[in-house]
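Contents: one structure, followed by commentary.
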Amino acid sequence: MSFSPGPPLQPNFYAQDPLVVARSLLGAVLVHEHSDGTRYMGRIVETEAYRGQEDQACHAKVGRTPRTETLFGPPGIGYVYLIYGMYHLFNVVAWPEGKAAGILIRGIEPISGITGTTHGPGRLTRAMKITGEHHKQPVWEGSLRIHGGEGVPESQVSTGPRVGVDYAGEWAMKPWRYWITDHPNVSAVPNKKKR
DNA sequence: GCACGGATTTCC
DNA sequence: GAAATCCGTGCG
């Protein structure tokens, strides 16, 4: 492919309000220069914002701990963790240092290097070979980066409640999930019953 | 030191 | 509806 992304997004981009960052990341390009020589690229089509210590869906709700320290730290740092013992989820720290926030990358559209399916936050990290080694790594330099994309017009952006956070009470209803309307690579919300 | 449950996905 | 399967957190 001849597609070439823009320059990496700089730390000041991530210092904005996490809601703005989550919205603005739509259309940006996730790039992983793997040590095996493969260059994985995907266009971000779905994100979620986790905003502040008071957000009961955000890991930082427990305050500053060894685990959440990264979220309170400087913006533009990767936050990768293992969920349910089997899936890595990839986030980027937002807001200035001292204010905890993270943007979960939930869906990408494959551009190059990617094999297999990418819908869903756990699947896309597998497809792009993102692992714990990227935790706490800056995403504007290094092997895993986010580059500027073409931008997505407001008319193509949908918002809604975040997925899998029903336990968070009123916070679960915040429309802090952003995706490109009708995009096929947006994660499917599974049926709560049979499928 | 131990019990509990989760920003998920898949199968019955 | 529940398993798979690891670890952060809370409590003792």
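Here is the naming used below: chain letters follow the sequence lines, and residue numbers restart at 1 for every chain. The shown structure was predicted, so the numbers you read here are calculated from the model rather than taken from an experiment.
- Note on ring orientation: taking the six-membered ring where Trp is involved, the planes of A:Tyr79 and A:Tyr81 are tilted (angle from 30° to 60°).
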Using atom types as modelled, flag every donor-acceptor pair under 3.5 Å from a side chain in residues 116-126 of chain A to any protein atom, sequence neighbours excluded.
{"residue": "A:Thr117", "atom": "OG1", "partner": "A:His119", "partner atom": "NE2", "Å": "3.2"}
{"residue": "A:Thr118", "atom": "OG1", "partner": "A:Ile108", "partner atom": "O", "Å": "3.1"}
{"residue": "A:Thr118", "atom": "OG1", "partner": "A:Asn185", "partner atom": "ND2", "Å": "3.4"}
{"residue": "A:Thr125", "atom": "OG1", "partner": "A:His88", "partner atom": "O", "Å": "2.7"}
{"residue": "A:Thr125", "atom": "OG1", "partner": "A:Gly122", "partner atom": "O", "Å": "3.0"}

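- Distance, A:Glu48 CD to B:dA7 C1': 6 Å, rounded to whole Å.
- Following rounding to the nearest Å, A:Arg67 (CZ) and B:dG6 (P) show an atom-to-atom distance of 12 Å.
- Picking from C:dG10, C:dC6, C:dT5 the nucleotide with the shortest atom distance to the side chain of A:Leu82 gives C:dC6.
- Within the 4.0 Å cut-off from OP1 or OP2 of B:dT8, at least one side-chain nitrogen or oxygen of A:Arg106 is found.
- The side chain of A:Leu71 has B:dA7 as its nearest neighbour among B:dT8, B:dA7, B:dT9.
- For the pair A:Ile111/A:Tyr40, no side-chain contact is recorded, criterion being any heavy-atom separation below 4.5 Å from C-beta on.
- Spacing between atom NE2 of A:His119 and atom P of B:dA7 amounts to 20 Å, rounded to whole angstrom units.
- Summarising the geometry, the separation between CZ on A:Arg64 and C1' on C:dT9 is reported as 18 Å, rounded to the nearest angstrom.
- Side-chain N or O atoms of A:Glu48 include one that pairs as donor or acceptor with a backbone N or O of A:Val163 at under 3.5 Å.
- In this structure, the nucleotide among B:dG6, C:dT9, B:dT9 sitting nearest to the side chain of A:Ile83 is B:dG6.
- Taking A:His135 as the reference, nothing meets the side-chain hydrogen bond (donor to acceptor under 3.5 Å, both in side chains) condition, with sequence neighbours excluded.
- Taking atom OH of A:Tyr81 as the reference point, atom C1' of C:dT9 lies 15 Å away to the nearest angstrom.
- Here A:Tyr50 lies parallel enough and close enough to stack on the base of B:dA7, with planes under 30° and ring centres under 5.5 Å apart.
- The side chain of A:Val62 has C:dG10 as its nearest neighbour among B:dA7, C:dA4, C:dG10.
- Comparing A:Gly164 and A:Arg123, the nucleotide of DNA chain B nearest to each residue sits closer to the 5' end for A:Gly164.
- Contact annotation: A:Thr65 side-chain N/O to C:dG8 OP1/OP2 distance is not under 4.0 Å.
- Between the C1' atom of B:dA7 and the CE atom of A:Met86 lies a distance of 16 Å, rounded to the nearest Å.
- In the set B:dT9, B:dG6, B:dA7, the nucleotide with an atom closest to the side chain of A:His59 is B:dA7.
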Quiz prompt | Which nucleotides of DNA chain B pair, in dot-bracket form (Watson-Crick or G-U under 3.5 Å, | meaning another strand) | solution = ||||||.||||.
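- A:Arg162 comes within 4.0 angstrom of no nucleic acid atom, judged by non-hydrogen atoms across all strands.
- A:Tyr84 has its OH atom 17 Å from the C1' atom of B:dC11, to the nearest Å.
- Rounded to whole angstrom, the span from the CD atom of A:Gln53 across to the P atom of C:dT9 amounts to 12 Å.
- Within the 3.5 Å criterion, the main-chain N or O of A:Gly113 finds no donor-acceptor partner in the side chain of A:Thr38.
- Taking only side-chain atoms of A:Thr68, from C-beta outward, the nucleotide of C:dT9, B:dT8, B:dA7 with the closest atom is C:dT9.
- The CG atom of A:Leu19 sits 5.0 Å away from atom CZ of A:Arg51, with the distance rounded to the nearest 0.5 Å.
- Of the listed residues (A:His134, A:Arg39, A:Arg145), just one forms a side-chain hydrogen bond (donor to acceptor under 3.5 Å, both in side chains) with A:His32, and that residue is A:His134.
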